[in-house]
Participant: 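Starting off with a structure, shown below.
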Amino acid sequence: MRVETAFARSRAEDRAALVGYLPAGFPTLADSIKAVDIMIDHGADVIELGLPYSDPVMDGPAIQKAADRALAAGFRTRQVFEVTEAVAGRVPILVMTYWNLVERYGVDRFARDFAAAGGAGLITPDLIPDEAGEWIAASDAHDLDRVFLVAPSSTEERIASTVAACRGFVYAQSVMGVTGARAATSAAAPELVRRTRAHTDLPIGVGLGVRSGDQAAEIGAYGDAVIVGSAIVNCYLDTEDIPSGHQRLAELTADLAAGVRR
Amino acid sequence: MRVETAFARSRAEDRAALVGYLPAGFPTLADSIKAVDIMIDHGADVIELGLPYSDPVMDGPAIQKAADRALAAGFRTRQVFEVTEAVAGRVPILVMTYWNLVERYGVDRFARDFAAAGGAGLITPDLIPDEAGEWIAASDAHDLDRVFLVAPSSTEERIASTVAACRGFVYAQSVMGVTGARAATSAAAPELVRRTRAHTDLPIGVGLGVRSGDQAAEIGAYGDAVIVGSAIVNCYLDTEDIPSGHQRLAELTADLAAGVRR
Amino acid sequence: GHWGEFGGRFVPEALISALEELEAAHAESQGDPAFLAELDRLGREYGNLPSPLYLAERLSEETGVEVWLKREDLNHTGAHKIRNVLGQALLTKRMGKTRIIAETGAGQHGVASATAAAYFGLECTVYMGEEDTRRQALNVARMRLLGAEVVPVTTGSRTLKDAMNEALREWVASVDHTHYLIGSVGGPHPFPMLVRDYCRGIGDEARAQFLERTGTLPDVVAACVGGGSNAMGIFTAFLGDEDVRLYGFEAGGDGYDTGRHAATITAGQVGVLHGARTFVLQDEDGQTIESHSISAGLDYPGVGPEHAHLAATGRAAYEPVDDAEAMAALEKLARTEGIICAIESAHGLAGALRLAKSLEPGSRVLVNLSGRGDKDMGNVVEYFGFEGEPNAKGEDA
Amino acid sequence: GHWGEFGGRFVPEALISALEELEAAHAESQGDPAFLAELDRLGREYGNLPSPLYLAERLSEETGVEVWLKREDLNHTGAHKIRNVLGQALLTKRMGKTRIIAETGAGQHGVASATAAAYFGLECTVYMGEEDTRRQALNVARMRLLGAEVVPVTTGSRTLKDAMNEALREWVASVDHTHYLIGSVGGPHPFPMLVRDYCRGIGDEARAQFLERTGTLPDVVAACVGGGSNAMGIFTAFLGDEDVRLYGFEAGGDGYDTGRHAATITAGQVGVLHGARTFVLQDEDGQTIESHSISAGLDYPGVGPEHAHLAATGRAAYEPVDDAEAMAALEKLARTEGIICAIESAHGLAGALRLAKSLEPGSRVLVNLSGRGDKDMGNVVEYFGFEGEPNAKGEDA
């Protein structure tokens with residue numbers, strides 16, 4: 001499914017979309033597929049699949065740990081296509097990836113294989129449009145969305161040029177900090193959304209730090225999407241028992257989904 | 001007794017004199033007195049009492065160890081006078097001492113107290129005549145002998161000036177090395193005695209390395225005195241049993257005394 | 001920001017404005033005579049610059065070529081790194097920031113950063129892999145003595161690359177008042193250019209000194225390459241001298257064939273790491289491979305992008321030197337010249353000595369002796385088996 | 001060979017001809033422009049001389065007086081000692097001798113001697129107390145790496161004074177081809193004069209640098225005093241400047257009152273030790289008392305005879321600085337100026353900082369920063385309790 005379809009639906013319901021993040025291959029390859037299904041079943045509108053990487057400089061400890069675990073278990077880049085294929089259809093599937101993995105796979109080849117698996121697009125935390133020539137060409141060729149990030153420190157000029165390069169939605173990094181930082185009530189987030197809104201009609205997703213339906217509701221009041229990552233990963237990090245992780249994930253997603261619907 | 005008296009006797013017997021060295025206070029204060037008596041009983045012509053010092057730069061390991069042991073047992077400078085007093089009379093008693101101990105006691109005071117105890121003179125391994133003004137005055141005042149050293153490295157000029165400052169005998173350091181070095185057969189020793197003889201009529205004692213009557217005989221052939229130190233100290237270092245040390249010392253002294261009489 | 005396909009800015013958008021600010025501040029400061037004069041004064045009075053150029057006569061006799069050493073080991077804090085930290089700290093003040101952060105592997109860049117922070121009265125936090133804080137406890141103590149906070153990094157492989165990840169993460173959160181004082185010619189633009197500009201005094205001085213002493217330029221300029229700051233520092237002045245051959249020597253670790261090494265250019269693939277496109281030791285998927293070297297300062301799976309470009313264009317040649325060859329050169333220099341150099345620098349020297357065999361007799365080789373070996377004595381003891389007590393003096397009584 | 005009642009030659013006759021030879025060679029060489037030019041060249045090209053004169057601005061602000069540091073820590077091998085060893089090694093070559101021996105305490109003079117021996121291709125044997133070889137294993141490794149033989153001395157207290165005894169003993173046995181490269185301004189004539197002459201460049205340079213920078217002379221010149229080579233090195237140039245007050249700071253160890261110290265001039269008595277008449281820590285009988293100091297380089301129960309004379313005549317003042325005061329100064333210098341100095345040098349600095357309180361504001365104090373602190377980091381860690389792991393980064397997920 002296309003990202004714009006998901007946002008059209010949430011906009012029609014006059015609410016923010018819920019974007020759920022989980023690294024592919026975590027807690028296991030099969031269970032990452034199961035987990036995505038659980039998130040979709042409980043109200044996630046968009047899925048962001050993380051591609052585990054050895055040096056994730058924008059991620060906090062929780063997501064680092066999840067990625068390390070997936071890699072230690074032998075996760076390979078191409079498996080993200082298996083996961084995508086298994087879960088695609090009901091909601092749009094994006095892959096969030098550090099750029100080296102895509103370059104190494106081959107930018108066009110990655111775009112082709114991902115599109116073939118039913119993927120919707122990429123979120124690229126360490127790729128800015130200025131360096132993205134090859135990716136822009138490949139995403140155009142394979143009709144994939146491109147989600148770049150804006151941040152509180154971005155100048156007006158950079159927000160303008162970044163959103164111009166985006167397709168699908170814009171990722172607003174709501175606090176200056178890595179994923180998992182607790183700052184859902186940051187004053188910087190609404191301000192960043194306001195500034196970004198002035199330059200684009202694309203939906204604006206707000207990331208970083210959301211843990212509960214209440215927080216989701218608060219962000220959903222000004223953002224077009226609420227992106228949740230570390231809290232989801234923590235469902236599995238805090239327990240050795242995967243089924244109980246699935247159970248926690250179901251409850252969390254339901255709570256978050258209710259939040260964006262308040 | 002005066003040193004010249006002892007040498008007059010050995011010369012009369014057409015032999016070298018035997019000079020036995022032992023640190024005062026080693027192996028104990030009482031036993032150092034006993035040991036001197038043993039040496040005298042077995043043929044030593046002159047006794048050289050060492051004054052234990054913390055930093056004996058001209059001594060090898062054996063004599064260092066003996067001195068350390070005496071100091072650790074609490075030996076005090078003034079006790080050398082007790083030892084001297086106890087053994088004086090039969091043969092001349094010299095004290096061999098590093099200079100700081102005498103300076104610290106007071107040069108004239110040391111000379112006075114030593115003379116009063118019956119001592120004959122000092123051997124001063126780290127005092128050269130050039131630095132010995134106060135000692136020369138004190139030894140003159142208290143009628144003590146002054147034994148300075150000559151060495152294979154000494155120039156003719158220095159041998160001449162050194163022997164001129166000596167009284168009693170001249171100490172020829174027969175090898176370039178510390179006490180205890182094994183070099184009784186060194187070619188340097190007869191050469192040094194020959195060179196020294198050219199400048200003085202004083203008896204010339206040859207030190208360093210003698211362990212046996214055979215070696216004593218060899219040195220006695222050209223020297224006026226054979227000085228034995230480390231071998232004597234070793235009688236006590238090699239055993240914990242002082243009486244057996246006394247026994248070994250008696251045998252060694254007898255062997256050495258026979259050597260100088262061959 | 002690019003050298004051919006290399007370089008760039010592969011970092012979160014959150015850092016872009018800081019990088020732009022830094023780029024602008026650097027450009028302005030490089031055109032400001034007062035800034036340059038102050039930096040020059042600092043270098044001379046505090047850093048002990050310029051470092052001497054030294055003809056290693058006994059070593060030259062043994063090798064048949066003239067071996068000239070640029071004695072960066074004599075700088076304050078013992079390596080070329082003081083040039084970079086003084087430059088960046090002065091720039092930090094100019095930007096009105098009050099704090100620096102730095103990553104460090106064995107601790108040398110951390111100590112240099114803490115030194116500059118103490119000198120300028122800046123706050124300083126140093127990120128260091130937890131493994132490294134244990135192995136390099138004395139350098140941790142140095143940093144703390146200098147007033148810096150040392151943060152052990154417990155993520156990933158707990159070594160230099162993870163410390164760099166953590167420093168980048170921390171920078172995102174504190175970028176408004178904090179400068180990331182990066183330690184080599186890597187990272188996102190403008191760092192590779194900035195660090196090169198602060199280190200290029202090595203080559204500028206050496207080139208002038210060489211001309212003054214010999215009337216000619218060297219035939220070969222050699223340096224070790226980890227991230228590559230000392231090598232760029234000495235290469236830059238000679239880039240336009242076509243007859244001067246430039247050689248970078250990478251850490252061959254246990255031996256190039258074993259796969260346990262840090263020979264990034266020789267063995268790596270083009271990729272993106274820590275903000276720049278360059279050669280990277282990586283697996284088929286692009287996951288970073290851990291590097292290995294007896295030299296902590298060369299033990300890094302990436303390399304500065306300008307080196308990648310010099311390698312790709314052929315202007316400089318890069319070859320691996322393994323642990324054993326480097327340690328042999330270290331020992332030879334100690335015994336013939338009385339200089340104990342850093343194990344890093346010994347790689348450059350070893351490469352030069354190997355190269356010397358194929359040079360015409362009398363050729364002139366300039367080696368950047370980038371640091372001193374005091375920090376490495378623990379490794380030296382272990383490597384040469386010097387632990388054992390020498391024999392006690394057993395003179396007979 | 002005498003300064004007043006101090007100095008002289010209290011050694012076995014066997015060494016006198018070597019001392020006379022040395023005295024003559026020294027006198028000749030000091031009048032030989034070729035020798036002096038070669039030594040000057042060595043100092044510049046190899047030793048990294050002259051060392052910079054540095055105004056410690058932040059420290060000056062804190063203390064209210066101008067604190068100027070003579071940066072001997074930046075010399076090759078990290079201390080003023082390179083001046084002495086280069087001079088004596090060059091003189092050894094001139095005398096046609098092929099071997100040097102040296103005594104060492106913590107190992108710094110041993111490393112410097114081994115360095116000079118490597119540079120000149122001389123054989124080298126270093127005597128070191130067995131206790132010290134264990135405590136300073138890294139310096140033993142340095143010496144061995146430089147090609148020197150290290151002989152642990154197992155006699156007496158097994159520390160520096162015993163190593164010196166052993167070196168003197170060994171010298172008697174090898175004096176024909178061996179030079180005893182003594183490490184300080186002690187020992188029999190001509191050593192105190194010889195070592196002073198090779199170290200006096202410190203003060204000659206500093207005086208000229210001070211005049212050039214300030215147009216005046218310093219009000220106070222301060223240095224630490226163990227044997228006293230660095231202090232004589234900086235004092236000598238100022239002896240004729242009556243308005244310049246000279247201060248030597250001795251090691252106060254656990255505190256002067258505890259008796260566990262190395263404050264030889266303050267607490268010692270005139271006596272003879274290691275060939276010279278000087279102040280000596282000794283008991284009532286004249287037996288040497290063991291000294292105590294956190295600084296291995298000051299931990300010696302004697303002092304150079306020229307210092308004894310300067311103290312006796314009042315031209316220089318000598319005061320103890322205890323371990324705690326020295327370590328506080330070391331830390332302050334690190335935090336305010338980014339310089340980690342040797343613990344020895346920290347005694348001189350600490351004394352100067354104490355003195356500063358009684359000086360008029362704006363007074364100018366010149367401190368000889370005689371060496372760097374790399375060698376001392378083990379002690380620093382122990383003293384400041386830096387052993388503990390810093391807290392791991394505990395960021396919440």
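Atom set for the values below is all heavy atoms of this structure, side chains included, hydrogens, waters and symmetry mates excluded. Residue numbers begin at 1 in each chain, while the letters A, B, ... track the order of the sequences.
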Participant: Under 3.5 Å, is there a donor on one side chain and an acceptor on the other for Glu131(A) and His189(C)?
Facilitator: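 His189(C) and Glu131(A) do not have a side-chain donor-acceptor pair below 3.5 Å.
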Participant: Specify which of Thr288(C), Val172(C), Asp285(C) makes the most heavy-atom pairs with chain A at under 4.5 Å.
Facilitator: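 Of Thr288(C), Val172(C), Asp285(C), Asp285(C) has the most heavy-atom pairs under 4.5 Å with chain A.
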Participant: Taking all heavy atoms of Ala14(C) and all of Ser153(A), pick out the closest pair and write down the distance.
Facilitator: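 Reported closest heavy-atom pair: O-OG, 2.6 Å.
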Participant: Kindly check if the number of other-residue, nucleotide or ligand heavy atoms within 6.0 Å of CD (Glu191(A)) is above 12?
Facilitator: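 Atom CD in Glu191(A) is packed in, count exceeds 12.
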Participant: Does a side-chain heavy-atom distance below 4.5 Å link Glu284(C) with Arg76(A)?
Facilitator: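 Yes - at least one pair of side-chain heavy atoms lies under 4.5 Å apart.
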Participant: What part of Glu20(C) lies closer than 4.5 angstrom to a heavy atom of chain A: side chain, backbone, both or neither?
Facilitator: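 Contact with chain A: side chain only.
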Participant: Return the NZ to OG1 distance between Lys65(A) and Thr154(C), rounded to the nearest 0.5 Å.
Facilitator: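 Result: 8.0 Å between the selected atoms.
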Participant: Based on non-hydrogen pairs under 4.5 Å, which of Asp162(C), Ile16(C), Thr155(C) is most in contact with chain A?
Facilitator: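 Top option by heavy-atom pairs under 4.5 Å: Ile16(C).
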Participant: Which atom names give the shortest non-hydrogen contact between Tyr53(A) and Gln287(C), and what distance separates them?
Facilitator: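 The answer is CA-OE1, 3.3 Å.
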Participant: Check whether Arg169(C) reaches the backbone of Gly60(A) with its side chain - one donor and one acceptor, N or O, closer than 3.5 Å.
Facilitator: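 Not at all, since once roles are kept as given, no pair shorter than 3.5 Å links the two residues.
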Participant: For Val280(C), is it the side chain, the backbone, both or neither that has a heavy atom under 4.5 Å from a heavy atom of chain A?
Facilitator: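 For Val280(C), there is no contact with chain A at all, as no heavy atom is under 4.5 Å.
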Participant: Quick one: what part of Pro52(A) sits under 4.5 Å from any heavy atom of chain C, side chain, backbone, both or neither?
Facilitator: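 Only the backbone of Pro52(A) comes within 4.5 Å of chain C.
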Participant: Taking Asp283(C), Asp176(C), Asn165(C) one by one, which has the highest count of heavy-atom pairs under 4.5 Å against chain A?
Facilitator: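 Winner by heavy-atom pair count: Asn165(C).
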Participant: Contact between Arg9(C) and Asp130(A) at the side-chain level, heavy atoms closer than 4.5 Å - yes or no?
Facilitator: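 Sidechains of Asp130(A) and Arg9(C): no contact.
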Participant: Can you give me the closest heavy-atom contact between Glu13(C) and Thr162(A), atom names plus distance?
Facilitator: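 Minimum heavy-atom separation between Glu13(C) and Thr162(A): OE1-OG1, 4.2 Å.
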Participant: Can you tell which part of Phe75(A) gets under 4.5 Å to a heavy atom of chain C, answering side chain, backbone, both or neither?
Facilitator: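 For Phe75(A), the contact with chain C is made by the backbone alone.
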Participant: Could you check whether any side-chain N or O of Asp126(A) sits under 3.5 Å from a backbone N or O of Val11(C), counting only pairs where one atom can act as donor and the other as acceptor?
Facilitator: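 Checking the backbone N and O of Val11(C) against the side chain of Asp126(A), no donor-acceptor pair under 3.5 Å is found.
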Participant: Atom CD of residue position Glu134(A) - does it have more than 12 heavy atoms of other residues, nucleotides or ligands inside 6.0 Å?
Facilitator: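 Not buried by this count: 12 neighbours or fewer within 6.0 Å.
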Participant: Report yes if the side chains of Asp55(A) and Leu273(C) come closer than 4.5 Å at any heavy-atom pair, otherwise no.
Facilitator: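 Yes, side chains in contact.
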